[in-house]
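Some notes on the structure that comes next.
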Amino acid sequence: MSKNLFCGIDPSFSGTAITILDQEFNIIEQKLISTKKHNDVYDIEKRMLHIVDELKFLLKYKDRLQLTIIEGISYGSSGESSVQLAALN
């Protein structure tokens with residue numbers, strides 16, 4: 001029988017971090033998704049699409065993932081950036 005896996009996600013426009021762990025807390029896979037600022041009106045949309053596209057690697061674990069935890073918005077986030085980060089959650 002395959003081992004259960006667990007996923008942690010720390011969403012951010014500058015660097016979204018993902019870690020997959022097994023039941024013994026061994027790291028199965030880690031990934032950092034970086035995005036760069038675009039100087040146009042669709043900056044946030046382009047960055048979100050890039051992050052979503054990169055997250056597709058998680059599908060290979062879909063039958064084994066038992067729990068995924070997504071970190072919330074940091075207390076230091078304010079203004080428009082906090083609303084944009086909310087879209088990642």
Hydrophobic clusters here meaning ILVMFWY residues chained together by side-chain heavy-atom distances under 4.5 Å, can you tell me if [X] and [Y] are in one?
{"X": "Leu5", "Y": "Phe57", "result": "yes"}
{"X": "Met48", "Y": "Leu55", "result": "yes"}
{"X": "Val52", "Y": "Ile44", "result": "no"}

### Listed partners of Lys46 passing side chain to side chain donor-acceptor pair (under 3.5 Å), at least two apart
Asp40
### Query
For the residue pair Gly15 and Ser12, what are the closest heavy atoms and their distance?
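So the two residues come closest at O-CB, 3.4 Å.
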### Query
Looking only at heavy atoms, which two atoms of Asp22 and Lys3 are closest? And how far apart?
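Nearest heavy atoms, Asp22 then Lys3: OD2-NZ, 4.1 Å.
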List, one per line, each side-chain donor-acceptor pair under 3.5 Å for residues 27-34, sequence neighbours excluded.
from, atom 1, to, atom 2, distance (Å)
Glu29, OE1, Lys60, NZ, 3.3
Glu29, OE1, Tyr61, OH, 2.4
Lys31, NZ, Glu54, OE1, 3.0

### side-chain contact (heavy atoms from CB on, under 4.5 Å) involving Ile69 - partner list, sequence neighbours excluded
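Listed in chain order: Leu67.
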### Query
Is there side-chain contact between Lys62 and Leu58, with heavy atoms separated by less than 4.5 Å?
no
### Query
Hey, what do you get for CG (Leu49) to CG (Asp53), rounding to the nearest 0.5 Å?
8.5 Å
### Reported NZ-to-CZ distance for the pair Lys37 and Phe13, which is rounded to 0.5 angstrom
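Reported to 0.5 Å precision, the distance equals 10.5 Å.
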### Query
Can you check whether Ala17's main-chain N or O pairs, donor with acceptor, with Asp10's side chain at less than 3.5 Å?
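Not a single qualifying donor-acceptor pair exists.
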#### Entry: side chain to side chain contact (heavy atoms under 4.5 Å, CB included) between His50 and Lys36, worked out
CA-CA 10 Å; His50 175 72; Lys36 294 182 181 179; over 6 Å; no
### Query
So among Ile18, Ile9, Ile20, which one has a side chain to side chain contact (heavy atoms under 4.5 Å, CB included) with Thr68?
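Only match with Thr68 under side chain to side chain contact (heavy atoms under 4.5 Å, CB included): Ile9.
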